[in-house]
Amino acid sequence: MLKENKIALAEGFRDGIPIGLGYFVVSFTLGIMARHVGLTPFQGFLASLLNNASAGEYVGFALIATHAPYIEVAIMTFIANARYLLMSTVLSQKFSPKTPFYHRIFVGFDVTDEIFGISVARKGWLNPFYNYGAMLTALPGWSIGTALGIVAGNILPPSAVSALSVALYGMFIAIIIPPARKDKIVAACVAISFAASFLADKFLTGIVSAGTQTIFLTVIIAGGAAILYPRKGD
(Lines give C-alpha, C1' and ligand atoms only; values in the text may rest on other atoms or scores of the structure.)
Protein backbone atom coordinates (compact mmCIF):
# COMPACT_ATOMS: atom_id res chain seq x y z
CA MET A 1 0.00 0.00 0.00
CA LEU A 2 2.86 2.35 0.83
CA LYS A 3 4.40 1.77 -2.60
CA GLU A 4 1.07 2.52 -4.30
CA ASN A 5 0.76 5.76 -2.35
CA LYS A 6 4.26 6.84 -3.37
CA ILE A 7 3.51 6.12 -7.03
CA ALA A 8 0.20 8.01 -6.86
CA LEU A 9 1.91 10.95 -5.12
CA ALA A 10 4.60 11.12 -7.81
CA GLU A 11 2.04 10.91 -10.63
CA GLY A 12 -0.07 13.64 -9.03
CA PHE A 13 2.99 15.85 -8.63
CA ARG A 14 3.91 15.28 -12.27
CA ASP A 15 0.40 16.06 -13.56
CA GLY A 16 0.16 19.06 -11.25
CA ILE A 17 3.28 20.83 -12.55
CA PRO A 18 1.57 22.55 -15.53
CA ILE A 19 -1.36 23.42 -13.25
CA GLY A 20 0.96 25.01 -10.70
CA LEU A 21 2.75 27.00 -13.41
CA GLY A 22 -0.56 28.24 -14.80
CA TYR A 23 -1.75 29.16 -11.31
CA PHE A 24 1.44 31.14 -10.73
CA VAL A 25 0.82 33.34 -13.77
CA VAL A 26 -2.85 33.96 -13.00
CA SER A 27 -2.34 34.57 -9.28
CA PHE A 28 0.45 37.05 -10.04
CA THR A 29 -2.10 39.36 -11.66
CA LEU A 30 -4.44 38.69 -8.73
CA GLY A 31 -1.64 39.86 -6.46
CA ILE A 32 -1.63 43.21 -8.25
CA MET A 33 -5.26 43.66 -7.22
CA ALA A 34 -4.50 42.51 -3.67
CA ARG A 35 -1.85 45.19 -3.51
CA HIS A 36 -4.40 47.82 -4.58
CA VAL A 37 -6.67 46.93 -1.64
CA GLY A 38 -3.78 47.20 0.82
CA LEU A 39 -2.78 43.58 1.48
CA THR A 40 0.79 42.74 2.40
CA PRO A 41 2.66 39.91 0.59
CA PHE A 42 2.13 37.64 3.61
CA GLN A 43 -1.60 38.44 3.75
CA GLY A 44 -1.91 37.76 0.02
CA PHE A 45 0.00 34.50 0.38
CA LEU A 46 -2.23 33.39 3.25
CA ALA A 47 -5.43 34.39 1.39
CA SER A 48 -4.43 32.33 -1.64
CA LEU A 49 -3.27 29.40 0.48
CA LEU A 50 -6.66 29.19 2.21
CA ASN A 51 -8.83 30.09 -0.79
CA ASN A 52 -7.37 28.57 -3.93
CA ALA A 53 -9.99 30.02 -6.29
CA SER A 54 -9.63 32.95 -8.69
CA ALA A 55 -13.28 34.04 -8.69
CA GLY A 56 -13.64 33.66 -4.93
CA GLU A 57 -10.51 35.67 -4.22
CA TYR A 58 -11.34 38.33 -6.78
CA VAL A 59 -14.73 38.86 -5.14
CA GLY A 60 -13.14 38.88 -1.70
CA PHE A 61 -10.51 41.45 -2.66
CA ALA A 62 -13.13 43.61 -4.41
CA LEU A 63 -15.28 43.62 -1.26
CA ILE A 64 -12.27 44.40 0.92
CA ALA A 65 -11.66 47.43 -1.30
CA THR A 66 -15.17 48.69 -0.53
CA HIS A 67 -14.74 48.04 3.23
CA ALA A 68 -17.63 45.55 3.13
CA PRO A 69 -18.68 43.82 6.37
CA TYR A 70 -17.26 40.38 7.08
CA ILE A 71 -20.65 38.76 6.58
CA GLU A 72 -20.86 40.09 3.00
CA VAL A 73 -17.37 38.82 2.22
CA ALA A 74 -18.26 35.39 3.66
CA ILE A 75 -21.57 35.08 1.79
CA MET A 76 -20.21 36.26 -1.54
CA THR A 77 -17.15 34.02 -1.31
CA PHE A 78 -19.45 31.09 -0.56
CA ILE A 79 -21.60 31.88 -3.62
CA ALA A 80 -18.58 32.34 -5.89
CA ASN A 81 -17.13 29.00 -4.77
CA ALA A 82 -20.42 27.06 -4.58
CA ARG A 83 -19.61 25.01 -7.68
CA TYR A 84 -16.89 23.23 -5.72
CA LEU A 85 -19.59 21.62 -3.59
CA LEU A 86 -20.84 19.84 -6.70
CA MET A 87 -17.33 18.91 -7.80
CA SER A 88 -16.56 17.50 -4.36
CA THR A 89 -19.73 15.43 -4.44
CA VAL A 90 -18.75 13.93 -7.78
CA LEU A 91 -15.17 13.39 -6.69
CA SER A 92 -16.28 11.57 -3.53
CA GLN A 93 -17.73 8.85 -5.74
CA LYS A 94 -14.27 8.16 -7.14
CA PHE A 95 -12.92 7.05 -3.75
CA SER A 96 -13.07 3.49 -2.54
CA PRO A 97 -15.63 2.96 0.25
CA LYS A 98 -12.67 1.99 2.43
CA THR A 99 -11.04 5.42 2.04
CA PRO A 100 -10.78 7.06 5.50
CA PHE A 101 -12.91 10.13 6.11
CA TYR A 102 -9.93 12.38 6.87
CA HIS A 103 -8.54 11.78 3.37
CA ARG A 104 -11.80 13.05 1.90
CA ILE A 105 -11.56 16.18 4.06
CA PHE A 106 -7.96 16.91 3.06
CA VAL A 107 -8.65 16.32 -0.66
CA GLY A 108 -11.75 18.51 -0.44
CA PHE A 109 -9.62 21.38 0.83
CA ASP A 110 -8.17 21.96 -2.63
CA VAL A 111 -10.75 20.91 -5.20
CA THR A 112 -10.19 23.27 -8.13
CA ASP A 113 -11.42 23.05 -11.72
CA GLU A 114 -8.10 21.73 -12.97
CA ILE A 115 -7.38 19.28 -10.15
CA PHE A 116 -10.96 18.02 -10.42
CA GLY A 117 -10.40 17.46 -14.15
CA ILE A 118 -7.26 15.36 -13.81
CA SER A 119 -8.74 13.46 -10.84
CA VAL A 120 -11.98 12.33 -12.50
CA ALA A 121 -9.98 11.30 -15.56
CA ARG A 122 -8.13 8.67 -13.54
CA LYS A 123 -9.26 5.11 -14.12
CA GLY A 124 -10.48 3.00 -11.25
CA TRP A 125 -10.58 4.11 -7.61
CA LEU A 126 -8.91 7.43 -6.90
CA ASN A 127 -5.95 7.31 -4.53
CA PRO A 128 -6.03 10.48 -2.37
CA PHE A 129 -2.25 10.69 -2.57
CA TYR A 130 -2.64 11.52 -6.26
CA ASN A 131 -4.50 14.66 -5.24
CA TYR A 132 -1.92 15.43 -2.57
CA GLY A 133 0.77 15.31 -5.26
CA ALA A 134 -1.15 17.75 -7.45
CA MET A 135 -1.75 20.01 -4.46
CA LEU A 136 2.01 20.14 -3.80
CA THR A 137 2.41 22.18 -6.98
CA ALA A 138 -0.99 23.92 -7.20
CA LEU A 139 -1.06 25.48 -3.72
CA PRO A 140 2.51 26.90 -3.75
CA GLY A 141 2.09 28.15 -7.33
CA TRP A 142 -1.11 30.01 -6.47
CA SER A 143 0.07 31.36 -3.12
CA ILE A 144 3.59 32.40 -4.11
CA GLY A 145 2.28 33.96 -7.32
CA THR A 146 -0.12 36.16 -5.34
CA ALA A 147 2.60 37.23 -2.89
CA LEU A 148 5.05 38.06 -5.70
CA GLY A 149 2.32 40.01 -7.50
CA ILE A 150 1.97 42.21 -4.42
CA VAL A 151 5.75 42.61 -4.18
CA ALA A 152 5.91 43.57 -7.87
CA GLY A 153 3.09 46.06 -7.35
CA ASN A 154 5.10 47.73 -4.61
CA ILE A 155 8.28 47.91 -6.69
CA LEU A 156 7.16 48.61 -10.26
CA PRO A 157 6.19 52.11 -11.44
CA PRO A 158 2.46 53.01 -11.48
CA SER A 159 2.27 52.73 -15.28
CA ALA A 160 3.53 49.13 -15.23
CA VAL A 161 1.19 48.20 -12.35
CA SER A 162 -1.74 49.68 -14.24
CA ALA A 163 -0.83 47.63 -17.31
CA LEU A 164 -0.56 44.43 -15.27
CA SER A 165 -3.94 45.10 -13.66
CA VAL A 166 -5.58 44.73 -17.06
CA ALA A 167 -4.36 41.13 -17.24
CA LEU A 168 -6.76 40.12 -14.47
CA TYR A 169 -9.76 41.31 -16.46
CA GLY A 170 -8.34 39.50 -19.48
CA MET A 171 -8.32 36.32 -17.41
CA PHE A 172 -12.02 36.64 -16.62
CA ILE A 173 -12.85 37.44 -20.24
CA ALA A 174 -11.01 34.25 -21.21
CA ILE A 175 -13.15 32.36 -18.68
CA ILE A 176 -16.57 33.62 -19.81
CA ILE A 177 -16.15 33.91 -23.59
CA PRO A 178 -15.70 30.18 -24.50
CA PRO A 179 -18.81 28.93 -22.62
CA ALA A 180 -20.78 31.98 -23.78
CA ARG A 181 -20.00 31.13 -27.41
CA LYS A 182 -21.16 27.55 -26.94
CA ASP A 183 -24.30 28.25 -24.93
CA LYS A 184 -26.77 31.06 -25.69
CA ILE A 185 -28.19 30.88 -22.17
CA VAL A 186 -24.76 31.52 -20.67
CA ALA A 187 -24.21 34.37 -23.12
CA ALA A 188 -27.55 35.91 -22.17
CA CYS A 189 -26.76 35.61 -18.45
CA VAL A 190 -23.41 37.32 -18.99
CA ALA A 191 -25.04 40.17 -20.91
CA ILE A 192 -27.80 40.55 -18.31
CA SER A 193 -25.27 40.55 -15.47
CA PHE A 194 -23.28 43.33 -17.16
CA ALA A 195 -26.38 45.46 -17.62
CA ALA A 196 -27.77 44.73 -14.15
CA SER A 197 -24.44 45.50 -12.49
CA PHE A 198 -24.23 48.82 -14.33
CA LEU A 199 -27.77 49.80 -13.34
CA ALA A 200 -27.26 48.70 -9.72
CA ASP A 201 -24.06 50.71 -9.48
CA LYS A 202 -25.79 53.75 -10.98
CA PHE A 203 -28.99 53.72 -8.94
CA LEU A 204 -28.29 51.73 -5.77
CA THR A 205 -24.84 52.97 -4.75
CA GLY A 206 -25.21 54.70 -1.43
CA ILE A 207 -28.38 52.75 -0.65
CA VAL A 208 -27.14 49.16 -0.91
CA SER A 209 -23.47 48.20 -0.59
CA ALA A 210 -21.60 46.82 -3.60
CA GLY A 211 -21.23 43.44 -1.91
CA THR A 212 -24.96 43.11 -1.25
CA GLN A 213 -25.71 44.15 -4.83
CA THR A 214 -23.43 41.42 -6.14
CA ILE A 215 -24.95 38.78 -3.86
CA PHE A 216 -28.52 39.55 -4.93
CA LEU A 217 -27.70 39.85 -8.63
CA THR A 218 -25.78 36.56 -8.61
CA VAL A 219 -28.56 34.64 -6.89
CA ILE A 220 -31.37 36.22 -8.97
CA ILE A 221 -29.72 35.86 -12.39
CA ALA A 222 -28.26 32.39 -11.83
CA GLY A 223 -31.43 31.18 -10.08
CA GLY A 224 -33.67 32.56 -12.81
CA ALA A 225 -31.64 30.83 -15.53
CA ALA A 226 -31.69 27.55 -13.58
CA ILE A 227 -35.50 27.71 -13.21
CA LEU A 228 -36.29 28.80 -16.77
CA TYR A 229 -33.67 26.70 -18.54
CA PRO A 230 -32.79 23.70 -16.32
CA ARG A 231 -30.09 21.29 -17.43
CA LYS A 232 -31.52 17.97 -18.52
CA GLY A 233 -29.85 14.96 -17.00
CA ASP A 234 -28.79 11.86 -18.91
Side-chain angles (χ1 to χ4, degrees), residues 4-34 39 41-61 77-78 80-95 99 102-152 164 166-180 182:
E4 293 178 0
N5 291 342
K6 287 183 177 180
I7 294 175
L9 185 71
E11 292 178 346
F13 185 85
R14 177 200 63 199
D15 295 345
I17 289 176
I19 295 176
L21 293 175
Y23 282 178
F24 178 85
V25 174
V26 173
S27 63
F28 186 89
T29 62
L30 194 64
I32 298 296
M33 181 181 184
L39 269 64
F42 175 74
Q43 290 171 332
F45 175 87
L46 191 62
S48 288
L49 183 67
L50 299 177
N51 184 22
N52 194 0
S54 56
E57 277 194 68
Y58 175 83
V59 169
F61 292 159
T77 302
F78 173 80
N81 294 336
R83 71 183 186 278
Y84 296 123
L85 294 174
L86 301 177
M87 292 184 189
S88 298
T89 300
V90 173
L91 200 58
S92 68
Q93 306 305 306
K94 287 282 292 181
F95 289 119
T99 302
Y102 62 85
H103 278 311
R104 299 173 186 269
I105 294 294
F106 291 148
V107 169
F109 171 73
D110 196 29
V111 175
T112 66
D113 298 350
E114 293 75 17
I115 293 180
F116 172 79
I118 62 174
S119 298
V120 296
R122 299 275 290 182
K123 295 182 179 179
W125 294 120
L126 180 64
N127 188 320
F129 281 86
Y130 177 80
N131 290 73
Y132 297 154
M135 290 163 63
L136 286 176
T137 58
L139 282 172
W142 188 256
S143 305
I144 294 172
T146 303
L148 291 182
I150 297 175
V151 172
L164 287 171
V166 177
L168 184 63
Y169 299 100
M171 176 192 73
F172 281 100
I173 291 175
I175 291 174
I176 64 176
I177 292 300
K182 296 178 181 178

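Counting begins at 1 with the first residue of the sequence.
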Subject >> Pair F106 and F109, ring centroids less than 6.0 Å apart >> reply: no
Original post:
Of all heavy-atom pairs between N51 and W142, which one has the smallest distance, and what is that distance?
Top reply: O-NE1, 3.8 Å
Subject >> Step-by-step side chain to side chain donor-acceptor pair (under 3.5 Å) determination, T112 to N52 >> reply: CA-CA 7 Å; T112 66; N52 194 0; 5.5 Å; no
Original post:
Does any pair with a residue in residues 125-140 pass salt bridge (Lys or Arg N to Asp or Glu O under 4.0 Å), and if so which ones, sequence neighbours excluded?
Top reply: none
Original post:
What pairs with R122 under salt bridge (Lys or Arg N to Asp or Glu O under 4.0 Å), at least two apart in sequence or on another chain?
Top reply: E11
Subject >> Residue pair N5 / Y132, side-chain heavy-atom distance below 4.5 Å >> reply: no
Original post:
Would you find a donor on one side and an acceptor on the other, under 3.5 Å apart, between the side chain of K94 and the backbone of N127?
Top reply: no
Original post:
Looking at CZ of F45 and OG of S48, how far apart are the two atoms once the value is rounded to the nearest 0.5 Å?
Top reply: 9.0 Å
Subject >> Contact list for residues 110-119, test salt bridge (Lys or Arg N to Asp or Glu O under 4.0 Å), sequence neighbours left out >> reply: R83-D113
Original post:
Is the backbone of G16 close enough, under 3.5 Å, to the side chain of T137 for a donor and an acceptor to pair up by distance?
Top reply: yes
Original post:
Do you know which two heavy atoms are closest between V111 and S88, and how far apart they sit?
Top reply: CG2-OG, 3.8 Å
Original post:
Can you tell me how far CZ of R104 sits from CG of N131, rounded to the nearest 0.5 angstrom?
Top reply: 12.0 Å
